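Predicted model, so just to flag it, every value in this text is computed and none were measured. Proteins come first, then strands; the chains are lettered A, B, ... in the order of their sequence lines, and each starts at number 1.
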There are 2 protein chains.
Amino acid sequence: MRIGELAARTGASVRALRYYEEQDLLVPDRSSSGQRHYPEGAVDRVGLIRELYAAGLSSRAILEMLPHAADGRATTALLDRLAEERDRLDARIGELTDSRARLDSVIDGATTNLRTGRSCRPATG
Amino acid sequence: MRIGELAARTGASVRALRYYEEQDLLVPDRSSSGQRHYPEGAVDRVGLIRELYAAGLSSRAILEMLPHAADGRATTALLDRLAEERDRLDARIGELTDSRARLDSVIDGATTNLRTGRSCRPATG
DNA sequence: CTTGCCTCTCACGTCGACGTGAGGTTTTAG
DNA sequence: CTAAAACCTCACGTCGACGTGAGAGGCAAG
């Protein structure tokens with residue numbers, strides 16, 4: 001099928017599909033006039049790609065995993081890589097949670113200040 | 001004091017201080033030759049700015065808050081703005097938590113596949 | 001043949017908090 | 001007076017997943 005149909009069937013934009021190709025995630029055949037032609041399996045492959053994007057992975061991470069995941073058989077290496085990405089996500093969530101805590105203490109200080117008139121100095125840490 | 005001393009005393013880079021000025025967060029006087037001169041109060045002000053950055057706020061958000069926060073007196077409007085940013089942070093944390101859950105289900109599928117040999121099809125949602 | 005949609009390849013715009021030179025001026029220590 | 005810091009203003013690079021035209025060729029139907 002051509003790119004428009006694949007886009008319609010997967011929910012990805014045409015631009016996104018071309019982008020996936022740029023990232024070597026999805027490489028179609030070309031007709032003599034240069035048009036992209038995808039096999040049926042591309043639908044599932046795009047589904048997997050989008051699943052991984054939605055799971056917070058970068059295109060580079062997806063690229064490293066696809067050869068191990070696309071054939072439907074998992075590898076220990078694949079699981080390690082996935083765990084690595086999960087840890088990265090956890091770290092990021094931890095950072096944001098810390099930021100949220102800092103913001104809360106700023107809010108606490110400001111609230112106290114509003115009620116008592118005392119100056120609030122930001123806590124370091 | 002000049003920019004180098006302020007940088008040393010606050011832990012911000014010289015470039016960062018110039019950037020804060022670009023964002024109208026910290027506007028120093030200028031000597032006749034164009035060099036920046038900051039008053040003592042700039043040290044605390046930079047501390048507050050960095051605190052807010054560390055709390056995950058954007059320069060625009062900080063800019064809107066500073067006039068209400070720098071004088072040491074909190075405002076209801078300021079508290080509302082802070083709460084808004086806290087909600088934004090919570091939303092972002094929620095997104096990442098969702099991504100983490102999706103990644104976990106991918107990992108579960110792959111793990112099952114590795115153990116049983118059964119194909120894992122990504123779950124939608 | 002023509003209309004009209006599909007597709008193609010560039011290639012810049014997005015968003016944010018700076019990092020990092022380039023090239024020139026000012027201040028300060030000796 | 002001199003040389004080394006410190007300072008100045010541009011202005012591009014970073015990172016990622018596309019969005020959004022521009023300008024042109026391709027394809028099926030009437």
In whole angstroms, the gap separating P of D/dC7 from CZ of B/Arg18 amounts to 8 Å
Base, sugar-phosphate or nothing for B/Arg2? Non-hydrogen atoms, less than 4.0 Å. sugar-phosphate
Q.
Main chain of A/Leu25, side chain of A/Arg45: is a donor-acceptor contact present, judged purely on distance under 3.5 Å?
A. yes
Say whether, by atom type as modelled, one donor and one acceptor occur between the side chain of A/Asp29 and the main chain of A/His37 under 3.5 angstrom. no
By salt bridge (charged side-chain N to carboxylate O under 4.0 Å, His left out), A/Asp108 pairs with (sequence neighbours left out) none
In numerical order, the residues of residues 22-40 of chain B whose heavy atoms come under 4.0 Å of DNA chain D are B/Arg30, B/Gly34, B/Gln35, B/Arg36
- Message: Whether the B/Gln35 and B/Arg2 side chains hold a donor-acceptor pair (N or O, under 3.5 Å, no angle test) is what I'd like checked.
- Response: yes
For DNA chain C, the dot-bracket notation using Watson-Crick and G-U wobble pairs below 3.5 Å, [ ] for pseudoknot-type crossings and | for other-strand pairs, is ||||||||||||||||||||||||||||||
Note: contacts of residues 89-97 of chain B with DNA chain D (heavy atom, under 4.0 Å) are none
For A/Asp98 and A/Arg102, run salt bridge (Lys or Arg N to Asp or Glu O under 4.0 Å): C-alpha distance rounded to whole Å, both residues' side-chain angles, the deciding distance at 0.1 Å, then the answer.
-> CA-CA 6 Å; A/Asp98 287 350; A/Arg102 271 190 284 269; 5.3 Å; no
Would you indicate whether B/Arg30, at its atom CZ, is surrounded by more than 12 heavy atoms from other residues, nucleotides or ligands within a distance under 6.0 Å?
yes
CD of A/Glu84 to CG of A/Leu89, rounded to nearest 0.5 Å, is 12.0 Å
Note: for A/Tyr20 and B/Gly4 on DNA chain D, the residue whose nearest nucleotide lies more 5' is B/Gly4
*asked:* Determine whether a donor-acceptor pair (N or O, by modelled atom type, separation under 3.5 Å) exists between the side chain of A/Arg18 and the backbone of A/Ser13.
replied: no
Nt span of DNA chain C in reach of chain A heavy atoms at under 4.0 Å, 5' end first, is C/dT7 to C/dA11
- [ ] Taking A/Thr75 for its side chain and A/Ala77 for its backbone only, find out whether a donor-acceptor pair lies under 3.5 Å.
- [x] no
Sequence neighbours excluded, the answer for salt bridge (charged side-chain N to carboxylate O under 4.0 Å, His left out) partners of B/Arg36 is B/Glu21
B/Arg81/B/Glu64 salt bridge by N-O under 4.0 Å criterion:
yes
Worksheet entry | Lys/Arg-Asp/Glu bridge criterion (N-O < 4.0 Å) met for A/Glu40, A/Arg9 | yes
Using modelled atom types and a 3.5 Å cut-off, is there a donor and acceptor pairing between side-chain atoms of B/Ser99 and backbone atoms of A/Ala54?
yes
